Amino acid sequence: MRLTRGLLKRNLVLSALGIIMFRFSSAYFQKSTIPAIANYFGTKGRYEEVNPYLIDDILSVNKSLSKPPSPDCRAIHLTAIIRHGTRYPTTKNIKRMKRFYSLIVNESKGTYAWLRDIKNNWEMWYTEDMDGKLVEKGRDDHRHLAMRLATSFPTLISVDNFQGNRIKFITSSKHRCVDSVEAFQEGLQRRWHIQDTRYSQEINDSLMRFFDKCKKFIENVDNNKTALLEVDLFKSSDEMKNVQRRIAERLQISLSDITPDMVEAAFFLCSYEFAIKTVNSPWCNMFEKTDAQVLEYKNDLKQYWKRGYGHDINRKSSCSLFHDLFRRLDQTAYDYRFGQVAEAVTVQVGHAETLLPLLSLMGFFHDETPLTAANFHAQHGRTFRTSQIVPYAANLVFVLYDCNKGLRLRFLLNEKPMTFPGINQPDPLYRTVRDHYSDLLHGCDFEKECELRKANRRNSEL
Ligand SMILES: *[C@@H]1O[C@H](CO)[C@@H](O)[C@H](O)[C@H]1NC(C)=O
Ligand SMILES: *[C@@H]1O[C@H](CO)[C@@H](O)[C@H](O)[C@H]1NC(C)=O
Ligand SMILES: *[C@@H]1O[C@H](CO)[C@@H](O)[C@H](O)[C@H]1NC(C)=O
Ligand SMILES: *[C@@H]1O[C@H](CO)[C@@H](O)[C@H](O)[C@H]1NC(C)=O
């Protein structure tokens, strides 16, 4: 009897210990460095989430994806249009983060462990002068991407072409983009063990920041409060209200203090801590999957109406980049036929705002129904999902091949081959692609599309 009681007691102690150990280990040892909501960060998402095999080996490439269309094909040109790497938040968002952080520190009465963690152990280390600059992880994004692309396309991204100046670099003037290009060049130099050579890049904002040059876009969308009406409506939707209510509850802060902007600031804090430092910060515990999905949709709505299909001028503002791409491909085709290809590779670095309009112009990720404030649930399976399309260092790669039957064009988004919308075959003939886009190739004039109509101009002068 005594023995059994002793055993029982020991078992109880052991199982209590077990529970403690389990709690302890699940909180500390098994805690993933990847937040459960990491797939919902939209344009603030990490590239590795789009290609998870990179988490184990950042230099691995899937060779089967970069094989030529058929053995008789030879790659003759590659154009890569790449978003800058991971960056700091902008000043506007840093201010919001600071405000929300002080509110929590001063007002929150919640008792969760993660909340104590925020209050006692987490420090507000973001400063306003960080304003959107590239971080070290962002340099790595580009160094590693350069190395992977060189592995995937060794005949084009080659040391010979690099040193022979047949790889051209073009960038937006923003420091985060210039720094990204330099990191890309560094990646190539590391891969080939070459040093002490300065490679140049050309700054071209007409190409990489066309949205700043398009008057019609600026007036009709960028400076137009009602152009993003759906985003504002969604901010006051039931879905968003529910997120605010749940956060207020978790923090034990009055609901009236929790604005959609505040909620978003905390969501951004979780995403930045992860993207910049690869940590699963206590900020991430503030959100459940359903909350994250609502915030993801809010960001997608904004991109849809400001950079995507929402307004026709968003897409059309990229006409110059579209023509530039096809002019390059045509030029290579011509060079190849009549002599030597002068520009084997073009690397162009810009912004999510550069990639999204071009993708939309070319018909990618076009959902049948527009994204609106009212159809969050119906849009659950939408293709326009910026978390998947434009994470940091997102890239569009066009590869032109010379094959027995003619030139073929392959398109890869974030290192995965995609079929062109309306051409349902992989690696179509280049002339099929040209035919498919013939309306755009014969029209889509940047000057004309971006010109303000006289009536508009008169109005704005009044
Ligand atoms: C590589 O790509 C092929 C084709 O999409 C796929 O079947 C395969 O699973 C991929 N391999 C890896 C290691 O991801
Ligand atoms: C929170 O408290 C700190 C320190 O007392 C103060 O500087 C800050 O203004 C307060 N913030 C808010 C939002 O009340
Ligand atoms: C930018 O690129 C466009 C299109 O290729 C070209 O016409 C223009 O001259 C370039 N601008 C600069 C400043 O290099
Ligand atoms: C602003 O956007 C709304 C909605 O798209 C549009 O109806 C209106 O004409 C735009 N205003 C200007 C000045 O472009």
Side-chain angles (χ1 to χ4, degrees), residues 77-82 165-174 177-178 181 199-235 301-335 341-351 353-355 357-358 360-361 369-374 396 398 400 440-441 443-462:
H77 177 85
L78 181 152
T79 287
I81 304 173
I82 315 174
N165 287 321
R166 285 182 295 275
I167 303 186
K168 184 167 184 176
F169 297 92
I170 300 171
T171 177
S172 133
S173 62
K174 282 276 164 172
C177 295
V178 175
V181 172
Y199 291 91
S200 59
Q201 68 279 107
E202 186 181 303
I203 287 174
N204 193 331
D205 281 347
S206 318
L207 271 187
M208 306 318 292
R209 293 181 61 80
F210 48 75
F211 43 88
D212 274 352
K213 315 272 174 189
C214 182
K215 290 202 179 70
K216 189 168 171 185
F217 169 75
I218 294 170
E219 178 155 328
N220 290 9
V221 181
D222 214 15
N223 291 340
N224 179 357
K225 288 245 167 6
T226 49
L228 299 189
L229 182 66
E230 295 298 328
V231 180
D232 292 331
L233 289 173
F234 192 65
K235 276 183 169 181
L301 265 183
K302 179 177 163 201
Q303 299 300 333
Y304 182 88
W305 290 95
K306 198 159 179 185
R307 310 291 171 183
Y309 293 97
H311 301 289
D312 212 38
I313 190 60
N314 300 351
R315 309 160 54 223
K316 295 287 177 61
S317 64
S318 74
C319 284
S320 43
L321 185 58
F322 174 83
H323 282 296
D324 179 73
L325 168 69
F326 279 89
R327 194 189 47 72
R328 258 172 235 292
L329 296 171
D330 286 349
Q331 183 67 47
T332 335
Y334 182 88
D335 286 355
V341 174
E343 203 172 299
V345 177
T346 316
V347 174
Q348 302 179 305
V349 178
H351 308 263
E353 295 82 353
T354 314
L355 274 58
L358 181 64
S360 304
L361 185 69
T369 333
L371 277 64
T372 67
L396 278 52
F398 298 87
L400 195 62
L440 290 175
L441 284 167
C444 200
D445 180 60
F446 179 86
E447 301 298 333
K448 231 186 245 164
E449 299 292 346
C450 290
E451 175 181 72
L452 285 170
R453 268 182 287 123
K454 293 245 161 54
N456 276 355
R457 205 175 300 153
R458 211 170 299 136
N459 268 343
S460 65
E461 275 167 10
L462 282 176

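Computed from a predicted structure; not experimentally measured. As the structure lists them, so they are numbered: ligands from 1, and atoms in each ligand from 1.
At distances below 3.5 Å, not a single donor-acceptor pair connects side-chain atoms of H77 with backbone N or O atoms of Q331.
Against a heavy-atom cut-off of under 4.0 Å, T226 is close to the following atoms of ligand 4: 1 (C), 2 (O), 3 (C). Proximity to H311 (heavy-atom distance under 4.0 Å) selects the following atoms of ligand 4: 5 (O). Near N220, with a cut-off below 4.0 Å to any heavy atom, the atoms of ligand 4 are 1 (C), 2 (O), 14 (O).
Of the candidates D330, T332, D324, D324 is the only one forming a side chain to side chain donor-acceptor pair (under 3.5 Å) with R328.
Residue-level proximity to ligand 4 for N224 is carried by the side chain, the only part with a heavy atom below 4.0 angstrom.
By the 4.5 Å heavy-atom criterion applied to side chains, I170 and M208 are counted as neighbours.
D212 pairs by the salt bridge (Lys or Arg N to Asp or Glu O under 4.0 Å) definition with R209, not counting sequence neighbours. Taking N224 as the reference, T226 meet the side chain to side chain donor-acceptor pair (under 3.5 Å) condition, with sequence neighbours excluded. With sequence neighbours excluded, the residues satisfying side chain to side chain donor-acceptor pair (under 3.5 Å) with R166 are N161.
A perpendicular orientation is assigned to the rings of F211 and H351, their planes being inclined by more than 60° (bins at 30° and 60°).
Protein residues lining ligand 3, listed by chain and number: E202, N204, L207, D324, R327 [non-hydrogen atoms, distance under 4.0 Å].
Taking a 6.0 Å sphere around NZ of K174, one finds it holds 12 or fewer heavy atoms contributed by other residues, nucleotides or ligands.
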